2 protein chains.
Amino acid sequence: MKDVATLAGVALKTVSRVVNDEPGVSDATAVRVRTAIERLGYRRNESARVLRSGRTASIGLVIEDVADPFYSSLNRAVEDVATKHGSLVLSGSSAEDPVRERELVLTFCSRRVDGLIVVPAGFDHDYLLPELQAGIVTVFVDRPAEPGLDVDTVLCDNTGGARLAVGHLLAHGHRRIAFLGDSPSIFTARERLHGYRRALTAAGLAPDEHLISMGPPDRARVAFELDRMRALPDPPTALLTGNGRLTVATLRAFAGATSPRLALVGFDDFELSDLIVPGVTVIAQEPARLGRTAAELLFRRLFGHDGPPEHLRLPTHLITRGSGEIPPH
Amino acid sequence: MKDVATLAGVALKTVSRVVNDEPGVSDATAVRVRTAIERLGYRRNESARVLRSGRTASIGLVIEDVADPFYSSLNRAVEDVATKHGSLVLSGSSAEDPVRERELVLTFCSRRVDGLIVVPAGFDHDYLLPELQAGIVTVFVDRPAEPGLDVDTVLCDNTGGARLAVGHLLAHGHRRIAFLGDSPSIFTARERLHGYRRALTAAGLAPDEHLISMGPPDRARVAFELDRMRALPDPPTALLTGNGRLTVATLRAFAGATSPRLALVGFDDFELSDLIVPGVTVIAQEPARLGRTAAELLFRRLFGHDGPPEHLRLPTHLITRGSGEIPPH
DNA sequence: TTGAAAGCGGTACCAA
DNA sequence: TTGGTACCGCTTTCAA
């Protein structure tokens, strides 16, 4: 910038004004400066700007896995909103590991991101308190913050979605409905399980613990649990799977089995769910809307909004495609 | 850092030494400094460090769409390598738009990323020359740089993959093999078309232009082209689709049609390709390996390697699942 | 082993 | 409308 100033025969500050579109520069001077910038191939050093001004025009995004379809569309939606506001997105995969989550968050903070969007993997976010104090705006997505951590949150209506699913299966005559959920350490898994129980109870049915299995979505476990349930004296006729990966694992187990298929409703929509036969009935979330909403909340605060923490719930939708309409046998 | 120094009763520089694990600090002093850091909740300001040292410990990644499964696994692989080297990833979606690509690259550069990994959308990268000159290491992935731009590149063996696919269909008795490719402006689409032609010619068959269609992967176009080809006096019995999105669009068209299915081989593997009936035979690329290789090339140069530009080709693999083994009818 | 001072490249503030 | 100068928080260099 000094070189530009020298070449244009003006002071440093004048160049700065031109670069930042600040008022108070005559057109003639501005043109001279711009010419000099062009000739020198000058580009502003962001680090220096950040150091002085404090604003990095970047936000940090911590999700479970940038390669997971659910989170990658959330990522894209966040990126789109950020771009609209001239901001860049630093993203990282926590791999569901609280330690990694913390590392990522703190790394982002030390880079002085303006804000954070986090899908929390851990339960203890005390490490965030100093950063919040320091003014780093934070929004939690898909999972809530622990009580006492006053941040905006955007969640899905997990309980409602699970109830919707169970209601649908009940309406198709099922009474023995199993639930295959992710590890109970995951918030959404617990909420969905809760919705499942509530829906059964509300229908006057007692949840049968033999028909509930919570754990990681690996194929072997899913196959094992399905076999176990099928061998029960009173086996299930329908199944609700707690997330996309569990649904896929279940479909793989179905494909490898000879026994008749259970009716199936899966939590989370996924690409090609309509091309499998029968089409997979799902409770659809809207990952892109989740990301967009969170990012908009974030930027609203960055632009000065100052209200109490908001806690939003986005609705889920039942999409019927065939698998959830199989009658009991 | 000044506060820490004051509290610990040492000089600024000593704190800097401790923070950076530099030698030449007595244990006792180091402990005092660390205690002060703890008490003050101090975290180093990266912008200041970057401003002085020049190294940002971050790399920029420009892909077509962070939400696309192919590119998001590439993204994840890059992230993993970067993390191993203590680096962060700034990622952005070019949406196949040269202008947006350029914007992203220049933004990343003004943030002084140490290096760039780019899936180029445009053909003119002159804007990159000053940056390369300035020492920003760049690797192109999935598509090559124009001649004269001396950067490392990592590509897939598109031609070989297409030949593999056509060879497979020929071996199953097909002689009328159609090719449905993406827009000819896309490098990989052209290479795959080329491989398709070569394989036919090598087998003594003249490519029939009526059986070739190049264009965007939208469902309507795909359905239209399939109908058109089927109405030919001598319709195709087999089809090669040029990428994952075209394969999916084709499957949707198949699902909505009553006519007998063509044998199908798709370029790109995709999740659930095994769960569709019949399973989809594909030419698999390895997006994660593409990303990993590019990132390793990048970091090798960042760590001092200085050789001529490397141009790597990664192999493709035929995975048979049923759709490509349907006999001609 | 430790410290003092210069400066990285900008922006903020005040003066001209 | 323009310029001068302090200073952001750290690393580098050199001296003690």
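Small disclaimer: the values here were computed from a predicted structure and weren't measured. First the proteins, then the strands, lettered A, B, ... as listed; each starts at 1.
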inquiry  = Counting only side-chain heavy atoms from C-beta out, which of D:dT2, C:dT2, D:dT11 sits nearest to A:V25?
reply    = D:dT2

message = Whether the side chain of B:D182 engages the backbone of B:A189 through a donor-acceptor N/O pair (distance < 3.5 Å, no angle test) should be reported.
response = no

task = Tell me which nucleotide among D:dT1, C:dG10, D:dT12 gets nearest to the side chain of A:R49.
result = C:dG10

inquiry  = Using modelled atom types and a 3.5 Å cut-off, is there a donor and acceptor pairing between side-chain atoms of B:T29 and backbone atoms of B:V25?
reply    = no

note = Among the nucleotides D:dT11, C:dG10, D:dG4, whichever has the atom closest to the side chain of A:L12 is C:dG10

query = Base, sugar-phosphate, or nothing: which does A:T29 touch, judged by heavy atoms less than 4.0 Å apart?
reply = sugar-phosphate

ask   = With no hydrogens and no angle check, is any side-chain donor or acceptor of A:S93 less than 3.5 Å from a backbone partner on A:A95?
value = no

task = Tell me which of B:S26 and B:L51 sits closer to the 5' end of DNA chain C, going by the nucleotide each one is nearest to.
result = B:S26

query = Can you check whether A:S53 has a side-chain N or O nearer than 4.0 Å to OP1 or OP2 of C:dA12?
reply = no

task = Tell me whether the OP1 or OP2 atom of C:dG3 has a side-chain N or O from B:T14 closer than 4.0 Å.
result = yes

task = Identify whether any heavy atom of B:V10 sits under 4.0 Å from a base atom; if not, whether one sits that close to sugar-phosphate; answer base, sugar-phosphate or nothing.
result = sugar-phosphate

Between P of D:dT12 and NZ of B:K13, the distance in whole Å = 7 Å

request  = Please report, rounded to the nearest Å, how far the C1' atom of C:dA12 is from the CZ atom of A:R55.
outcome  = 16 Å

note = Rounded to whole Å, the CE-P distance (A:M1 to C:dG9) equals 11 Å

ask   = Mind checking whether A:F299 and A:H305 have ring centres under 6.0 Å apart?
value = no

request  = Round to the nearest Å and state the distance from A:R52 atom CZ to D:dC10 atom C1'.
outcome  = 14 Å

key: Whether B:D114 side chain and B:A57 backbone form a donor-acceptor pair below 3.5 Å   = yes

query = From D:dT11, C:dA12, D:dG3, pick the nucleotide closest to the side chain of B:N20?
reply = D:dT11

ask   = For the pair made of NZ in A:K2 and C1' in D:dT5, what is the distance, rounded to whole Å?
value = 14 Å

Nucleotide nearest B:R17 (side chain, heavy atoms from C-beta), chosen from C:dG10, C:dT2, D:dT12 = C:dT2

ask   = Just how far, in rounded Å, is P of C:dG9 from CZ of B:R111?
value = 18 Å

For atom CG of B:D3 and atom P of D:dG9, their distance in whole Å = 9 Å

task = Using only side-chain N and O atoms of A:S16, determine if any of them is under 4.0 Å from OP1 or OP2 of C:dT11.
result = yes

query = When all nucleic acid strands are considered with a 4.0 Å heavy-atom cut-off, which category describes B:R44: base, sugar-phosphate, or nothing?
reply = sugar-phosphate

ask   = D:dT1 P sits how many Å from A:E22 CD, rounded?
value = 13 Å

